[in-house]
Amino acid sequence: MRARALVLAGVAGLLSLTVATPAEASGVPELWATGQPFAPGLTVMGAGDVNGDGKGDVVTYDNGECWVSLSTGSGFQPMQLWCDPYWSSVPAGDASFVGDANNDGRADLILVDKDVVGNTHRSGVWVATSYFDARQLRDRFAPSRQWLDNTIFGDQGNLAVDLEGDGDTDVIGLFTGVPALAARASHPSYLPLTAWGPDNLRGEKATLAADATGDGLADFILVDADGTRVVPATVDTRWHVTPPQQWSTTPFYGTEKTFTGDVDADGKADLIAVNDTDVQVMRSTGAGYAAPEVWYAGSFSGTKDTVTSDVDGDGDTDLVAVNDSDIRVLRSQ
């Protein structure tokens, strides 16, 4: 396993932990962009490789327009307008994600909407695909199109992840008292909803989805107050029908944010806890989580948002803090 150093930020402290010595010294925050016109109402939609160059970019939304800050691998370019106000017919979505919905190597905008009386659009999933506009000679997002005409907005949240390892981003709805529902991407649409997991598949502190076992399929990760359980994907049916497995009995979560991402580039998603005073990581062994490690002994968070993405294109997960007037990055090393 190659040791890496990750950096996150901005949470209240964890519960009492036994902290392992980190394999490498952590990185330091880097200023990747300054002078960005981040208006008070701006929403950070997420980060992902929208232009297909292997590096994660930052996507934001404000007043019917979406903007992209492209990564050069060592900084972010000035914000570019990627979708015009006509896109506002489907605003930022009740839940929004940046992910490759059509398996073309470029991350798209995935918007999950719920039924609301008086809405001008229907519930379901809408996708604005990323493409190169040959007429205008620039990259942009196409007008959003409805890919799923059914309710998947969960009362306990939504997730977006490549469930089946086929290269495109699927959508999960988390509902009270029933199995999770999955809408699997089959561009240019999502397949009919399918039950995806045991009943009440929820973590007390966070419910995440990522490939923790390293087999190419996304697993459910249930972060509880007294440990973490994992429901591995099953290769035969690719349905999560097995009972959760206890991967750790160490309380591990950030009071501000808890992420999952591959911080050491070994193909297995690790757990990341963002705290007020530090950032800690529990690395996946493929069958459990190792002891917690302090990966950054300081605070790192964005006033707008803190997100994860491989912004330098080296294969591991980095932390991105979007602030009122700049973007800073803590890279895994």
Side-chain angles (χ1 to χ4, degrees), residues 1-8 11 14-15 17-24 26-27 56 99 159-165 169-170 172 180 196-198 201-235 238 240 242-254 257-275 278-296 306-310 314-319 330-333:
M1 174 185 294
R2 181 176 54 168
R4 294 273 183 129
L6 170 67
V7 215
L8 308 194
V11 171
L14 295 172
L15 303 182
L17 298 175
T18 301
V19 179
T21 302
E24 288 186 359
S26 298
L159 304 171
V161 66
D162 181 4
L163 285 170
E164 301 173 296
T169 301
D170 310 300
I172 302 170
W196 202 272
L201 185 70
R202 308 290 178 272
E204 295 170 346
K205 296 297 182 180
T207 303
L208 309 170
D211 181 13
T213 60
D215 64 356
L217 307 177
D219 313 299
F220 278 112
I221 302 167
L222 313 178
V223 181
D224 298 321
D226 58 357
T228 303
R229 297 169 293 155
V230 171
V231 185
T234 54
V235 178
R238 306 191 181 204
H240 297 73
T242 57
Q245 301 174 4
Q246 194 73 45
W247 272 36
S248 172
T249 57
T250 300
F252 188 85
Y253 53 88
K257 278 196 171 182
T258 305
F259 293 107
T260 183
D262 185 3
V263 300
D264 51 12
D266 66 349
K268 299 181 287 290
D270 312 298
L271 276 183
I272 306 161
V274 181
N275 299 287
D278 65 12
V279 175
Q280 299 194 20
V281 169
M282 284 203 308
R283 288 187 277 185
S284 171
T285 67
Y289 288 112
E293 305 172 51
V294 175
W295 277 48
Y296 180 64
T306 307
V307 295
T308 60
S309 187
D310 179 12
D314 66 351
D316 54 25
T317 299
D318 309 302
L319 253 291
L330 277 170
R331 287 196 271 181
S332 296
Q333 301 182 29

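We number each residue from 1, following the sequence as shown. None of these values were measured; they are calculated from a predicted model. FYI, side chains are in, hydrogens and waters are out, and symmetry mates aren't considered; it's all heavy atoms of this structure.
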(request) Only counting residues at least two apart or in another chain, list the ones meeting salt bridge (Lys or Arg N to Asp or Glu O under 4.0 Å) with Arg229. (result)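 Counting only residues at least two positions away or on another chain, Arg229 forms a salt bridge (Lys or Arg N to Asp or Glu O under 4.0 Å) with Asp224.
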
Distance-minimising heavy-atom pair for [X] and [Y]:
X: Ser309; Y: Gly56; answer: OG-CA, 3.3 Å
X: Thr249; Y: Pro251; answer: O-CD, 3.6 Å
X: Ala273; Y: Gly254; answer: CB-N, 3.6 Å
X: Tyr289; Y: Ala269; answer: CE2-O, 4.1 Å
X: Phe220; Y: Trp196; answer: CE1-O, 3.3 Å
X: Ile221; Y: Thr228; answer: CG2-CG2, 3.8 Å

When rounded to the nearest 0.5 angstrom, what distance separates [atom1] in [X] from [atom2] in [Y]?
X: Lys257; Y: Thr306; atom1: NZ; atom2: OG1; answer: 5.5 Å
X: Asn275; Y: Ile272; atom1: CG; atom2: CD1; answer: 12.0 Å
X: Leu159; Y: Leu208; atom1: CG; atom2: CG; answer: 7.0 Å
X: Asp266; Y: Ser284; atom1: CG; atom2: OG; answer: 7.0 Å
X: Asp310; Y: Asp318; atom1: CG; atom2: CG; answer: 5.5 Å
X: Leu271; Y: Thr258; atom1: CG; atom2: OG1; answer: 8.0 Å

(request) Could you list the residues that satisfy side chain to side chain contact (heavy atoms under 4.5 Å, CB included) with Thr213, not counting sequence neighbours? (result)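 Residues passing side chain to side chain contact (heavy atoms under 4.5 Å, CB included) with Thr213: Asp211, Asp215, Asp219, Pro232, Trp247.
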
(message) Using modelled atom types and a 3.5 Å cut-off, is there a donor and acceptor pairing between side-chain atoms of Thr250 and backbone atoms of Phe252?
(response)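 Checked: no pair found.
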
(request) Check each of Met282, Arg283, Glu293 against Asp270 using the side chain to side chain contact (heavy atoms under 4.5 Å, CB included) test, and report the only one that passes. (result)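 Exactly one pass, corresponding to Arg283.
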
(request) Could you point out which residue of Leu217, Asp170, Thr169, Ile172 forms a side chain to side chain contact (heavy atoms under 4.5 Å, CB included) with Val161? (result)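 Result for side chain to side chain contact (heavy atoms under 4.5 Å, CB included) with Val161: Ile172.
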
